[in-house]
Amino acid sequence: MNEIENVISLRAVGKTFISGETPIHILEDIDFDIQSGQSIAVTGKSGSGKSTLLNIVGTLDRPTTGSVYFQGQDTSTLTDRELSQFRNTNIGFIFQSHLLLDDFNALENVCIPALIKGMRAQQARRRAVELLVRVGLEDRLSHSPLKLSGGERQRIAICRALMNNPPIIIADEPTGSLDEESSQQVADILFELVEEEHKAMLLVTHDRQTAQRCASMYLLQNRSLQRLK
Amino acid sequence: MKRKTFWWLIGRLVVPPREFRRKRKRIIGSIVLIALVMIPLVVSILFMESMIQGMTDKYVMLQDGHIQAYDFVLGSDTQLGDERIFSADHSASVFGIAYSKTQTSEVKVKGVYPSYFNEARLQEISIDGTLPEYSGSAVPSVMMSSTTAKTLGVAIGERIALMLVPDSGTISARPVLARIDALYESGYRQIDATLMFMHIDDLLKFNTAGYSKRTEFIVQNESADNLSSVIDSLRQTYNPNIRWATWEAFNRSVYQNFMTSRQVILTVLIMISLVAGTYVSSIAAELVQDSHQSIALLKTLGATSANIHQAFFLTVACTTTLGLIIGMGIGLLLGTRLQSVLLWLAKADIPALRYYLLDFSLKIPWMSLLEVAAALLGISAVTVLIALRRIRKISPLELLQQE
């Protein structure tokens, strides 16, 4: 597969933290590609390094060794400012606890990435409304996140991740804090939208059932990735 | 980030939605606190500057004029020749002691023509009785302050004895009887305590040689700060050998006292505003602390540290400016209402306040207010910038660690 066709490529990525004088190796020599429209699930025990891997792929953290390529471009060469712009345009994040800005209503929360990007407010609003309608929140546009259920908040977070039409969505336990029914609903919406919008997705989850819905599945164990599916 | 988004973000930080009562209360509390600091500062500046200006006006109008020309008598038909000159009046003065039946008081007798009490001077004093006219008799008419009259225990129509002491040591002191035809009140005890007026021809009649004679010039308000240039122009117009002096040179110690008091008080007020300015940085620090997760999230979503830094800086700047404007507004309003309280205090004749000038017209000293406001804004800008350095250190990763 050509590097350019891969949305994200990890080459010999390693991550080591220093605790006192002792180096703690979290990831070692990871090679990994995510292609356009491909959904990949990464599972593993708590503390296995899933979040660290996700942070590196999402350019929130830098690897100790190796490189992360985005559509062939080495992200390690980007400055912090360029990385901010890069994340804004190319990566949609969904977190376990939704992480919405409570000072803003549902519609405004979805608009934020587009407004940071520099999209006109009216255009951003149109796109946000369209996404919120698709996830069934058309009657919650002006609601504060504080007045919404966990499932509704996570649906807003999904819309926000898709707002700038990024080629890849990174989801960290998106259903982890929801009850079974809401979890199922959110997972359905997430997979449906990702497929409709033809996005690549890196999903970190404990939930085997949700992970099974991805095209590929990896297990992070002993600092390296093993393909399960 | 587009400017529109930027302002939207600031707007939300300054005026959080109703649900965030604590945030709203904190922002409003900060505005109120800054305003509360500004109110007494503005009132103090207004009071101090107006009082000093009032005292200066009393000295200038009643005692020395802006400019004095010694041993120089301006003819009645002489053209003033400079538009900056408001009036020129011939005067003579001599020190002496006034005697009533029971009391004595040191006085400075000033000889002037009735025209001396022109529109500008009449604004500085209130007169009860008739202005001293040339008597031509051995008992001249005088106008003394009600303070001196109270000290001597005399009233209009009564007589006093004056022992005038000429400047020249070769001329002996001379006793004179005088009739009180008017009482005046300038509101400033420093002047009222000694100054007494007599018709200049009456005064000079007693002894021309031993008394200090001069012409007092009053200049237009806009030229009052540039007296040396007016003197230069007068020198060219009149005899170059005339000795000229400004009121501040003549009253050097009084002028220096005014200036020193003004500078000390202004410095203290600026120091207070600096302390208030450093308080503003705590608002910034709290704002960052409370918005820690939001900042990390905004960074994750692609906002740069500079964008967020700018938004927070402007939020605090808006809060400070709003507090400043409200404080200044209320301060000016209270300051202008202060006059009636001061007038009441002046009439109450409280011993502790006796040497303050309490009856003066309030003037808004924009420059001093601007200095204090600039000091507050300047120091808050610096301290806030230091407090906001924390924003750069907040990593998007902290967002995930807090999950």
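As a basis for the values below, the full set of heavy atoms in this structure was taken, side chains included, without hydrogen atoms, waters or symmetry mates. Reminder, nothing fancy here: chain letters follow the sequence lines and each chain counts from 1.
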Might you point out which heavy atoms bring [X] and [Y] nearest each other, and give the distance in Å?
| X | Y | value |
| --- | --- | --- |
| B:K299 | A:R87 | O-NH2, 3.1 Å |
| B:L297 | A:L99 | CD2-O, 2.9 Å |
| B:G302 | A:N88 | CA-CB, 3.6 Å |
| B:A303 | A:S84 | O-OG, 3.8 Å |

Taking atom [atom1] as the centre, does [X] end up with more than 12 heavy-atom neighbours from other residues, nucleotides or ligands that are less than 6.0 angstrom away?
| X | atom1 | answer |
| --- | --- | --- |
| A:D139 | CG | yes |
| B:K363 | NZ | yes |
| B:R337 | CZ | no |
| B:M271 | CE | no |
| A:Q209 | CD | no |
| A:E180 | CD | no |
| B:R390 | CZ | yes |

Calculate, to the nearest 0.5 Å, the distance between atoms CG and CG belonging to B:D290 and A:D103 respectively.
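Those atoms lie 10.0 Å apart.
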Rounding to 0.5 Å, atoms OG1 (B:T304) and CG (A:D80) come to a distance of 10.5 Å
Quick check on side-chain contact (heavy atoms from CB on, under 4.5 Å): which of A:L115, A:I91, A:N109, A:I116 does B:L301 satisfy it with?
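The side-chain contact (heavy atoms from CB on, under 4.5 Å) with B:L301 is passed solely by A:I116 among A:L115, A:I91, A:N109, A:I116.
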If one checks every heavy atom of A:L100 against chain B at 4.5 Å, the contacting part turns out to be backbone
Measuring heavy-atom distances to chain B, does A:E173 have an atom under 4.5 Å in its side chain, in its backbone, in both, or in neither?
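The answer is neither part of A:E173.
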A:E108, A:M163, A:R160: which one forms the most heavy-atom pairs within less than 4.5 Å of chain B?
A:E108
